[in-house]
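Beneath this line is the structure, given in structure tokens, with notes to follow.
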Amino acid sequence: MHDLVIRGGTVVDGTGAPGCTADVAVRDGVIVEVGRVDGAAREVVDADGLLVTPGFVDIHTHFDGQITWDALVTPTCWHGVTTIVQGNCGVGFAPVAPDRREWLVGLMEGVEDIPGTALHEGITWAWESFPEYLDHIGSLSRVVDFGAQVPYAAVRAYVMGDRCLDAAATADDIARMAAIVRDGVAAGALGLSMNRTLAHRAIDGAIVPGTNAEHDEIVAVASVLGELGRGVLELAPAGVTGDDLNAPVREVEWMRRVAAATGRPVTYVLVQHNADPDAWRTMLSLAGEARRAGVPLYPQIHGRSPMVLMGIGAKLNPLQQCASYAALAALGPAEQAARIAADADLRARLVAELDAARPAWVRKPFDFDNMFPLGLDRPRYEPRADESVAAVAARDHRNPCDVVIDVLLAGGGRGLLNIPILNFSRYTHDPVFEMMQDPTTVVGLADGGAHCNAICDAGVPTHMLEHWARDRVGDKLPVETAVRKMTRDTAEVYGLLDRGVVAAGMRADLNVI
């Protein structure tokens with residue numbers, strides 16, 4: 001007697017092999033048979049016409065605080081993710097001295113745009129060391145499996161105190177930090193994460209501890225992974241968003257040396273930026289050279305453009321620049337939209353005030369050439385150049401600010417402006433398509449739980465299937481490739497070899513889609 005049989009679905013097994021019609025039998029949380037299953041089952045799911053895939057393994061989330069209070073781990077759980085990895089980009093909440101808790105909240109709020117009020121109210125601090133943090137979250141019942149990495153910013157702050165931002169670490173500092181990382185990984189951490197980009201800042205504008213750390217410090221601490229023969233080094237590298245055009249090549253070179261010396265995987269953020277729209281090709285080429293030499297480098301890519309959304313109901317609302325908007329600000333979006341639509345004089349004043357305030361809110365990448373209506377029922381994450389606010393305004397001989405108000409009022413005040421900030425330098429996701437086809441890359445960067453005020457990309461797994469495998473105009477990904485990039489490939493980076501594939505003996509983390 002099986003516990004569960006999923007019958008007649010198209011099994012896309014996570015290996016990249018062509019999908020095929022098959023049954024899947026589960027007993028005691030493990031897949032026991034894939035193919036023609038004749039045995040009885042306590043529960044049967046009819047999957048005819050549906051996909052059966054492994055549960056998605058999301059290796060780049062920021063649920064470090066939310067995991068302590070949200071049993072569902074929303075919104076990631078809504079998109080087929082059954083395993084998450086948190087503690088990315090060097091930020092997290094352990095280790096922490098009692099007098100540094102508020103400081104770590106401010107760091108996370110600034111770097112990952114998670115409201116400090118939610119973190120302050122939601123976290124019940126029941127730990128100081130990283131092993132104690134693992135013990136606490138490990139005692140919680142959650143709908144997804146989760147693993148954590150040791151965040152280096154928290155380690156540096158714990159050891160160095162107020163010196164953590166800009167001072168060079170002493171030999172004693174380095175030894176103590178290495179010991180903390182060693183204890184964390186030995187206790188079950190999936191690896192160590194670091195931040196090297198100046199684009200990440202605390203809520204007060206300070207850099208992330210460790211951003212400017214010396215090479216010897218980084219190598220000495222990361223070498224702990226090699227000593228233990230466990231764990232991944234994850235980082236946001238210097239220059240990743242175009243702030244230093246010479247940094248990425250240097251970063252890949254030292255990451256390659258660390259990976260070769262320790263034998264441990266290194267995974268790092270790779271995106272297209274506007275300062276040099278082709279720099280990602282060089283980074284990808286260098287990663288390919290390393291992998292062919294047996295060095296485990298894994299560029300981590302996004303499934304679409306990281307973006308900012310603006311709207312009447314959003315924290316980022318262009319109308320907040322307008323004096324005439326003050327009388328409406330306390331109303332709900334629908335009532336605001338109705339008032340503006342019904343009052344031609346009010347709308348004219350808002351257009352004039354938005355136009356006068358351009359220097360405060362219209363600047364690269366927040367300019368009219370790079371603003372698009374997101375759409376209501378069918379969001380468009382890859383718009384055409386002729387759909388931009390600037391293009392519509394030029395075509396219709398209108399003030400761009402008037403077009404902006406059109407977008408905001410759509411759907412009774414539900415309209416949103418989509419402002420891509422990365423991966424969209426030439427009004428196309430073709431570079432993303434190329435990145436996803438490369439065998440060295442893994443799909444990450446959905447940042448589940450983060451960027452709550454501007455955009456939460458936790459829906460990227462759904463986007464991968466809907467946009468890339470089904471609806472995109474132009475080149476598409478085979479659904480088997482899209483699934484593999486989010487299952488077996490991501491699981492293997494972190495050594496989670498009991499999941500990510502639909503096969504006998506694997507965990508029964510499954511999606512029926």
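We count residues from 1, following the sequence as given.
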**Request:** Examine H467 together with Y381 and report whether their ring centres are nearer than 6.0 Å.
**Result:** no
**Prompt:** Can you check whether G191's main-chain N or O pairs, donor with acceptor, with E234's side chain at less than 3.5 Å?
**Reply:** no
**Asked** To the nearest 0.5 Å, what is the distance between CD1 (I421) and OG1 (T241)?
**Response** 8.5 Å
**Prompt:** Which class fits the ring pair W468 and F433: parallel under 30°, tilted 30 to 60°, perpendicular over 60°?
**Reply:** parallel
**Asked** Using 4.0 Å as the upper bound for N to carboxylate O, is an ion pair formed by R7 and D23?
**Response** yes
**Asked** Would the F93 and W125 ring centres measure less than 6.0 Å apart?
**Response** yes
**Test item: side-chain donor near acceptor, Q86 and H62, under 3.5 Å** = no
**Request:** Indicate yes or no: does R426 engage D278 in a salt bridge with an N to O separation below 4.0 Å.
**Result:** yes
**Request:** Report the residue from V493, T490, V442 that forms a side-chain contact (heavy atoms from CB on, under 4.5 Å) with Q300.
**Result:** V442
**Message:** Assess whether a salt bridge exists between R380 and D471, defined as any Lys/Arg side-chain N lying under 4.0 Å from an Asp/Glu carboxylate O.
**Reply:** no
**Prompt:** Using a distance-only test with no angle check, is there a side-chain donor-acceptor pair under 3.5 angstrom linking Y494 and Q149?
**Reply:** yes
**Request:** Give a yes or no answer on whether the side chain of N423 reaches the backbone of V271 with a donor-acceptor pair at less than 3.5 Å.
**Result:** no
**Message:** Parallel, tilted or perpendicular, judged at 30° and 60°: which one describes the rings of Y133 and F130?
**Reply:** tilted
**Message:** For a 4.5 angstrom cut-off between non-hydrogen side-chain atoms, does L235 reach V266?
**Reply:** yes
**Message:** Using every non-hydrogen atom in the two residues, find where H302 and V460 come nearest and quote the distance to one decimal.
**Reply:** CE1-CG2, 3.7 Å
**Asked** Does any donor atom in the side chain of Q66 or W69 lie under 3.5 Å from an acceptor atom in the other side chain?
**Response** no
